[in-house]
Amino acid sequence: MTTTRDLFDAELIGRYALDGPRYTSYPSAALFNSSLGVDAYQGAIQRSNAHGGDLSLYVHIPFCDTVCFYCGCNKVITKNRNRADSYVEALGQELALQSTLFGQGRRIRQLHWGGGTPTFLCQLQIMQLMNSIGEHFMLTPDWDDVEYSIEIDPRAIDDSTIAALRERGFNRLSLGVQDVDPLVQQAVNRVQPREMTANAIRQARESGYKSISVDLIYGLPHQTVASYARTLDTIIDLAPDRLSVFAYSHLPHLFKMQRQIDSNALPSPAQRLAILQLVIERLSDAGYVYIGMDHFARPDDELAIAQRNGTLHRNFQGYSTHADCDVLGIGASSIGRINDVYAQNEKDVERYEARVRRGELPLSRGWRLSTDDQLRQDVIGQLMCAFSVRFAQVEATYGIRFSSYFEQELERLRALQADGLVSVDDEGIVVPMRGRLLIRNICMTFDRYVETSSIAMQYSKTV
């Protein structure tokens, strides 16, 4: 019987450590362009409204009061909390614009506030924003099937914040931790004592949150196998429901704050792999299920349940549940997926606010999916979430013969099959445990855009 420990094969991983997309979308957001017009976006909303259904709403809060050197997110660094006043007002105005297109009857089944640091907002601003969402869309925080989550920075809250967020309707919490080692924290400019993290998790449990998630990063400066073992011991002892253990991507040519990191202090590729192996072994022994990519969850968590039920989904927030929901992105740089269209807002906060105040949808770029895009997205999504593809299901949905349509792709899979990363027969593709850490490599086989030279430098290592 294979187990989570069978995920790791250092020699194999070393051979397949290429640059590639994370497949939070297909095509990659790096390919989005400015040719997507408002008419195309409005057409997608009309098609969405025709079939109805609930929505997933993502709200981007870009503000942080300190910068973490590893971060590649779209953010504004300021200690002026009043800076968020005009932004929260603009979010309310964008919600009003969007609701005129969607209509006010669409229910928000999933809500996620990300950043930046959503808890940069004070409680009054949080209440104002939640009221705006509820004014323009249908919020049902007391319903059992809704997932309303928020990312918090334990350094940016007081003792009343977590309980207040629960009262506002949030029932899931995500905490950034990254590493508990003081030397590593100092090197990346994120000093967060263990007691601060433990107190936030304790308060979340006392307040009745359904799920608590912790983010960790490996590959940061001064990390060793021994130091990371202590970090894992600490986090496992705190017993979050989910863990996201991201590989740090050092891309200082894209993210200038990463230039503050001493590249000589970064662990070697061999050390990174050893840390990854440790992560898999420790979390497996602690009872966590490997969901995919960098996500782990307890067997009774919604992610693990969704994976078993075949309803797991992947979007710009990572692995998610309720694949049937269109995603509406609100705020600067946020990305939504409405029917067959991806749409991203203006990244610059001031330009975003100015356009919304003029009564404009603040779209800056996007992508209209062709039939081929939708087919490949479906195949890649099934591989990412279920580690398998059933040919008959794809053929019935798209009216193709899989072996003919993907003849070249199946031929390229032969090399991966020879290495035991995939199993291909007349019925479909199955990714065994041995291949799951390299799922991005497998998905790249079906990606017609992956070799586009203009975006290659924007990808991270697949492992």
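Only heavy atoms go into these numbers, but all of them, side chains included; no hydrogens, no water, no symmetry mates.
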*Please assess Asp340 against Arg47 for the test side chain to side chain contact (heavy atoms under 4.5 Å, CB included), listing each intermediate value before the final yes or no.*
CA-CA 9 Å; Asp340 59 354; Arg47 291 188 290 277; 2.7 Å; yes

Under a 3.5 Å threshold, yes or no: a donor from one side chain and an acceptor from the other, between [X] and [Y]?
| X | Y | result |
| --- | --- | --- |
| Thr321 | Gln110 | yes |
| Thr117 | Asp65 | no |
| Tyr398 | Asp372 | no |
| Ser48 | Asp326 | yes |
| Asn189 | Gln260 | no |
| Glu195 | Asn199 | no |

Given 3.5 Å as the limit, does a donor-acceptor pair link the side chain of [X] with the main chain of [Y], or not?
| X | Y | answer |
| --- | --- | --- |
| Arg282 | Leu232 | no |
| Arg337 | Phe316 | no |
| Asp241 | Ile212 | yes |
| Arg401 | Tyr405 | no |
| Arg155 | Gln192 | no |
| Thr234 | Arg230 | yes |
| Tyr148 | Thr140 | yes |
| Glu409 | Phe446 | no |
| Ser284 | Glu281 | no |
| Asn345 | Gly331 | yes |

Tell me the closest heavy-atom pair linking [X] and [Y], and the distance in Å.
| X | Y | result |
| --- | --- | --- |
| Pro221 | Ala187 | CG-CB, 3.8 Å |
| Ala247 | Arg272 | CB-NH2, 3.6 Å |
| Arg106 | Asp54 | NH2-O, 4.3 Å |
| Tyr26 | Gln377 | O-NE2, 3.5 Å |
| Ala332 | Asn74 | O-ND2, 4.0 Å |
| Ile305 | Pro299 | CG1-O, 4.1 Å |

Side-chain contact test, heavy atoms from C-beta onward, threshold under 4.5 Å: evaluate it for [X] versus [Y] and give yes or no.
| X | Y | value |
| --- | --- | --- |
| Glu151 | His112 | yes |
| Phe170 | Tyr209 | yes |
| Ile133 | Met130 | yes |
| Leu36 | Arg365 | no |
| Arg205 | Arg202 | no |
| Ile235 | Pro240 | yes |
| Leu303 | Phe296 | no |
| Glu94 | Val59 | no |

In terms of heavy-atom contacts, does [atom1] of [X] have more than 12 from other residues, nucleotides or ligands at under 6.0 Å?
| X | atom1 | value |
| --- | --- | --- |
| Gln374 | CD | yes |
| Asn33 | CG | yes |
| Asp144 | CG | no |
| Lys347 | NZ | no |

*asked:* Run the side chain to side chain contact (heavy atoms under 4.5 Å, CB included) test on Ile275 and Gln223 for me, step by step, so that the C-alpha distance in whole Å, both residues' side-chain angles and the decisive distance to 0.1 Å come before the verdict.
replied: CA-CA 9 Å; Ile275 293 172; Gln223 285 179 338; 4.2 Å; yes

Inter-residue atom distance [X].[atom1] - [Y].[atom2], 0.5 Å rounding:
| X | Y | atom1 | atom2 | value |
| --- | --- | --- | --- | --- |
| Leu111 | Leu55 | CG | CG | 11.5 Å |
| Ser423 | Gln417 | OG | CD | 6.0 Å |
| Gln393 | Glu395 | CD | CD | 11.0 Å |
| Ile152 | Trp113 | CD1 | CH2 | 13.5 Å |
| Ser25 | Phe32 | OG | CZ | 4.0 Å |
| Tyr218 | Gln271 | OH | CD | 13.5 Å |

_Checking Val422 against Thr445 for the side chain to side chain contact (heavy atoms under 4.5 Å, CB included) test, could you report, in this order, the C-alpha distance in whole Å, the side-chain angles of both residues, the deciding distance, and whether it holds?_
CA-CA 12 Å; Val422 295; Thr445 304; over 6 Å; no

*Sort out for me which residue in Arg242, Arg308, Lys210 forms a salt bridge (Lys or Arg N to Asp or Glu O under 4.0 Å) with Asp301.*
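Only one option passes, and that is Arg242.
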
*Under 30°, 30 to 60°, or over 60°: which ring-plane class applies to Phe387 and Tyr290, parallel, tilted or perpendicular?*
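Ring orientation, 0 to 90° scale: parallel.
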
*According to the interplanar angle, ranging from 0 to 90°, do the rings of Phe63 and Tyr87 count as parallel (below 30°), tilted (30 to 60°) or perpendicular (above 60°)?*
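Perpendicular.
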
_Under a 4.0 Å threshold between the charged nitrogen and the carboxylate oxygen, would Arg109 count as salt-bridged to Glu147?_
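Salt bridge: no.
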
*Would you call Arg172 and Glu302 a salt bridge, taking side-chain N to carboxylate O under 4.0 Å as the test?*
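Answer for the salt bridge query: yes.
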
*Residue among His250, Met257, Arg190 satisfying side chain to side chain contact (heavy atoms under 4.5 Å, CB included) with Tyr70*: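 The residue from His250, Met257, Arg190 that satisfies side chain to side chain contact (heavy atoms under 4.5 Å, CB included) with Tyr70 turns out to be Arg190.
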
*Test side chain to side chain contact (heavy atoms under 4.5 Å, CB included) applied to Asp294 and Arg22, step by step*: CA-CA 10 Å; Asp294 27 42; Arg22 293 181 59 82; 2.7 Å; yes

*Decide whether a cation-pi geometry holds between Arg298 and Tyr288; the criteria are a distance under 6.0 Å from NZ or CZ to the six-membered ring centre and an angle within 45° of the ring axis.*
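Satisfied, under 6.0 Å and within 45°.
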
